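Here is the structure we will look at.
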Amino acid sequence: MKIKYNPREIEARWQKCWEDEKTFRVVEDTGKEKYYLLEMFPYPSGKIHMGHVRNYTIGDVVARYKKMKGYNVLHPIGWDSFGMPAENAAIEHGIPPAKWTNENIEAMKKQLKRMGFSYDWDREISTCEPEYYRWEQLFFLWMYEKGLAYKKGGSVNWCPTCKTVLANEQVEAGLCWRCGTEVTEKYFDQWFFRITSYVEELLDYCDKLPGWPERVLTMQKNWIGKSHGCELVFPMADSDDVIKVFTTRQDTIFGATFMLIAAEHPLVMELAKGKPVEQDVRDFVERVKKQDKLVRTSDYYEKEGVFLDAWCLNPVTDKRMPIYAANFVLADYGTGCVMAVPTHDQRDFEFAEKYNLEKIVVIQNPDDPLDADTMTEAYVDEGVLVNSGKFDGMKNMQALDDIAAYLESIGRGRKTIEYRLRDWGISRQRYWGAPIPIVNCEECGAVPVPEADLPIILPRDVELTGEGGSPLDLIDSFVNVTCPRCGRPAKRETDTMDTFVESSWYFDRFCCPDHSVKPGLDKEKVKYWMPVDQYIGGIEHAILHLLYARFYTKMLRDFGVLDVDEPFSNLLTQGMVCKETMRCSKHGYLFPEEVTDGKCIYCGLAVKIGKTEKMSKSLKNVVDPNYIIDEYGSDTARIFCLFASPPEKDLEWSDQGVEGSFRFLGRVWRIVEDYIDDIKEVAPFDGGEALEGDLKNLRRKTHQTIKKVTTDIEDRFHFNTAISAVMELVNTLYQIERPEKNDRTALSVIRETLESVILLLSPIVPHITEELWEMLGKQNQLSETAWPGFDAAVAVEEEITIVVQINGKVRSRIQVAAGEPDDKIKELALNDSKVKQLTEGKKIIKEIYVPKKLVNIVVK
RNA sequence: GCCUGGGUGGCGGAACUGGUAGACGCAAGGGACUUAAAAUCCCUCGGUCCUCGAGACUGUGAGGGUUCGAUUCCCUCCCCAGGCACCA
């Protein structure tokens, strides 16, 4: 009797088996080579989505493959469980964040287990537990001690109605996302991590991470934004004070005709003070400060400024330069002041046009000479210096160093380096995050909590209303403490840490999740496992998370806790899961289940199929993993995600594609079923006798497939082509004429092929393959079995096809024995009847022979 | 604007260092099995032309170039996606 492929039954069965036997538990074993595979851990939002399914499937295939290859594989999972959604759920539905979070974790854990992922569940961690964040607090104390954590005034988005701080993404067109009130800027003391003290190393290692995608490294380099230039000193015209600027274009110094200062810069009001312009300047500054950040960075933002009734001197020409406050100068880059060279900088040009300021050409365009009075835009290309004193005639790029040296020699400048990267602001005026271990004392200022008092536990019985700032402020037992230094009453810091802090070291904690002694990381274990050999996650974390994790790693290394310079040796950024959108003119976007036969189920109108976009709830183009698992099983979900496109590209969801993947698994199932009785007692072919015809071809194809699948997984993570190769092998098997029941040789070859198919598919679809493996009478679990090897001698083709081209066009193909000598092949090509016919009466100019591939005959 | 990717059949995608373009799958069409349908198994499937052959031409965003030969290398341009965006 044939048994039908029943994914629901077999998947549950094997999942239970892996769980009961702790198949994927690992311990450190110095006798075995380790392999640490990590996928970015999820935020417990409630349900897993297809993005998770794809990410974790890719990782699982690699983890299972490496295990079969004999590595000691660490494949952990946990929860990035602090963050705003828990707090919002509490505000909206009155559920305590801890309860909401832990319920979500339970639900998602169930879903992950249903996918059959090979996690070591004994290492599960949840970052909102004190056992985790207490070490983060310890690291904070160490950072504070070394000046790597510090407090500084900074501006934040503030909603006056909700009385709370908003993240940038919570400000929609200048309005609060929750109540629609206009958001204002507010200054707060905030905590920062001094990531900038590692900026050079972070940049340097961008060239030492060959296992990272080039584009991620480029993004990080751009984010760090290193510029070489000069700090120049401009004396004030009427006092002994100076204004310092940073510039990368000291070659244009002779053309600097005015000075610009960021509107927010304190110097602006200082210079205007007591002058008739003071009120105008104040108005201007207030107006600029109020402008929303989004507006300020839009394309239409017009350059504006106000004259401060003050002058400075050009340091090389001593010409008087008027000083303006301007809305487009960045206060926190360089010195907040810039020298303006309107002839060679487009922004300065526009400003000079508007306020009718002087222009002096200092770089001449060799092809089309410039005239300061008639030019319509700044000339920003290279050229030859003019109006530049002793530097006239030099190429501007070559004069950069000479001019810098000259400025230094007259005491008006020096070479410097600037970075775009700012220190990392980690203060969040929120409840659901790790408390910062600081006490604010009126006498002593910010005082670190003694190490012995850690952890500072986040109180859990809290009522959240969403108004009035941090809820922690309202909890007397938390806030009111005595100062650890002077013993007087003091207030505990109520800011919590950015959740990116937790994700900056969780991969270290996975190496020793239960280690409960200082510093929370077991040096030996961490040394064994770190760095992560393969990290897999979404491209959306290309900058922030990955940069923070790199910084934190270097810092913990300097604290003596870690031995590695970089946390992730290899990085794979997988593409998004996308699906077409569907829209009804009456009911807007529709979920797939709200559409039948192309019509809206509410009104029967034809549904418009829209663009394919990233799956999202707002576009309703989502597919619930649970539905796919119920309908087809997780093996189908897994193989579809891998087959539809290579991992780094976007995956387009297709219901028919899922159907096709399911059909393929059925096809594998049936062919094993079909042969099972005949091959039960037969051993796989051992190469003992010579094979002929179909059997020989099948065996060759089998070994070729093992080879291809191995390199596709090992070298490139191209699971789609690996699966194609197995499909081809299965197709070949279907083509084989059914051997007699007593033809043991034929059956043994077929058995070898079937076992190979199962082994090769096992990391991809672990449940069905375990089941088939068992049906073949195997005692050992497939997950504990070694990856198959191939015999190169068997895989080699004995006949090869040689393409014959005439003048580069394919005209014929000839079959030759693989060992045929080159001369013979050329001769055969020339004597081919088709070739003879086409070269008749023409002169053969030359022949090109590409060994074992083609012959190209050039004729005239 | 700058920096990265990327444009290949009706569709998702193959083609690894310049050497048979379109593997594999989906959709479509046809056949077998069946009383019938589903399922399954098998076959066809870039385009145009024709003397339907185991034929000719054409074809990897567009135009040039290098080469015996280009989806692959070089130049110019167009389009799409992502990142950064007044960083002086």
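Keep in mind the model is a prediction, meaning the values are calculated, not measured. So that the names make sense, note that chain A is the first sequence line, chain B the second, and so on, each numbered from 1.
- No more than 12 heavy atoms of other residues, nucleotides or ligands sit less than 6.0 Å from atom NZ of Lys707(A).
- For the C1' atoms, the distance from G59(B) to G46(B) is 8 Å, rounded to whole Å.
- Between Leu761(A) atom CG and Asp635(A) atom CG the span is 9.5 Å, to the nearest 0.5 Å.
- Sorted by residue number, the members of residues 331-341 of chain A with any non-hydrogen atom under 4.0 Å from RNA chain B read Tyr333(A), Val338(A).
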Using nucleotides 3-6 of chain B, report all nitrogen or oxygen pairs with the protein that are shorter than 3.5 Å.
none

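- One can place CD of Glu847(A) at 16 Å from P of G69(B), the figure rounded to the nearest angstrom.
- With both ends at atom P, the span from U76(B) to C3(B) equals 12 Å, rounded to whole Å.
- Of the candidate nucleotides A14(B), C84(B), G12(B), A14(B) has the atom nearest to the side chain of Asn720(A).
- Taking the six-membered ring for Trp and thresholds of 30 and 60 degrees, Phe258(A) and Tyr324(A) have ring planes more than 60 degrees apart, a perpendicular arrangement.
- Taking the ring axis of Tyr734(A) as reference, the NZ or CZ atom of Arg667(A) stays within 45° of it and closer than 6.0 Å to the ring centre.
- Using a 4.0 Å heavy-atom distance criterion, Lys303(A) is classed as a base contact.
- Base orientation at G9(B) is syn, since its O4'-C1' glycosidic dihedral falls within 90° of 0.
- Within the 4.0 Å cut-off from OP1 or OP2 of U67(B), not a single side-chain nitrogen or oxygen of Lys846(A) is found.
- In terms of phosphate contacts, Tyr734(A) brings no side-chain nitrogen or oxygen within less than 4.0 Å of OP1 or OP2 of C42(B).
- Nucleotides A23(B) and U8(B) place their P atoms 16 Å apart, quoted to the nearest Å.
- Distance check, rounded to the nearest 0.5 Å: OG1 of Thr57(A) to CD1 of Ile639(A) gives 11.0 Å.
- Distances shorter than 4.0 Å separate some side-chain N or O of Arg716(A) from OP1 or OP2 on A15(B).
- Nearest-nucleotide assignment on RNA chain B puts the 5′-proximal partner with Thr801(A), out of Arg811(A) and Thr801(A).
- No contact: Asp715(A) has no heavy atom under 4.0 Å from any strand.
- The pair Asp712(A)-Lys708(A) meets the salt-bridge criterion, since a charged nitrogen lies less than 4.0 angstrom from a carboxylate oxygen.
- Comparing C68(B), G25(B), A88(B) against the side chain of Phe246(A) picks out A88(B) as the nearest.
- Between Trp223(A) and Ser227(A), the residue anchored closer to the 5' end of RNA chain B is Trp223(A), taking for each the nucleotide with the nearest heavy atom.
- The local environment of CD in Glu737(A) is sparse, with at most 12 non-hydrogen atoms from other residues, nucleotides or ligands closer than 6.0 Å.
- Among the heavy atoms of the strands lying under 4.0 Å from Glu728(A) are primed sugar atoms or P, OP1, OP2 only; no base atom is included.
- Comparing the C1' positions of G65(B) and C79(B) gives a spacing of 23 Å, expressed to the nearest Å.
- When rounded to the nearest whole Å, the span between CD of Glu648(A) and C1' of A14(B) equals 14 Å.
- Closest approach to the Thr247(A) side chain among A88(B), C42(B), G25(B) is made by A88(B) (side chain taken as heavy atoms from C-beta onward).
- Using a 4.0 Å heavy-atom criterion, one finds that Asn731(A) contacts the sugar-phosphate atoms exclusively.
- Relative ring orientation between His545(A) and Phe500(A) is described as parallel, the plane-to-plane angle staying below 30° on a 0-90° scale split at 30° and 60°.
- Open room surrounds NZ on Lys853(A); 12 or fewer heavy atoms of other groups in view lie less than 6.0 Å from it.
- Rounded to a whole angstrom, the distance from the C1' atom of U66(B) to that of G30(B) is 47 Å.
- The neighbour count for Lys354(A) NZ, taken as heavy atoms of other residues, nucleotides or ligands under 6.0 Å away, is above 12.
- Separating the C1' atom of G63(B) from that of G12(B) is a span of 30 Å, rounded to the nearest Å.
- The 12-atom threshold is exceeded at CZ of Arg422(A), counting heavy atoms of other residues, nucleotides or ligands nearer than 6.0 Å.
- Within the 4.0 angstrom heavy-atom criterion, only backbone atoms of the sugar-phosphate kind lie near Pro646(A); the bases stay farther away.
- Here the separation of A81(B) from G31(B), taken at their C1' atoms, is 44 Å to the nearest Å.
- In this structure, CG on Leu642(A) lies 11.0 Å from OG1 on Thr721(A), to the nearest 0.5 angstrom.
- In this structure, Glu418(A) reaches neither bases nor backbone, as no heavy-atom distance under 4.0 Å exists between it and the strands shown.
- In this structure, of C41(B), A21(B), G13(B), it is G13(B) that holds the atom nearest to the side chain of Ser645(A).
- In Lys852(A), the NZ atom is crowded: over 12 heavy atoms of neighbouring residues, nucleotides or ligands sit closer than 6.0 Å.
- Spacing between A62(B) and C24(B) at atom P, rounded to whole Å, works out to 26 Å.
- RNA chain B is contacted by Gln656(A), Gly660(A), Arg663(A), Arg667(A) of residues 655-669 of chain A, taking any non-hydrogen atom closer than 4.0 Å.
- OP1 or OP2 of C86(B) has not a single side-chain nitrogen or oxygen of Asn327(A) nearer than 4.0 Å.
- Under the Watson-Crick and G-U wobble criteria, each requiring two contacts below 3.5 Å, nucleotide C77(B) is paired to G61(B).
- A salt bridge does not link Lys4(A) with Glu673(A): none of the charged nitrogens is closer than 4.0 Å to a carboxylate oxygen.
- Picking from A88(B), C43(B), C68(B) the nucleotide with the shortest atom distance to the side chain of Asn856(A) gives C68(B).
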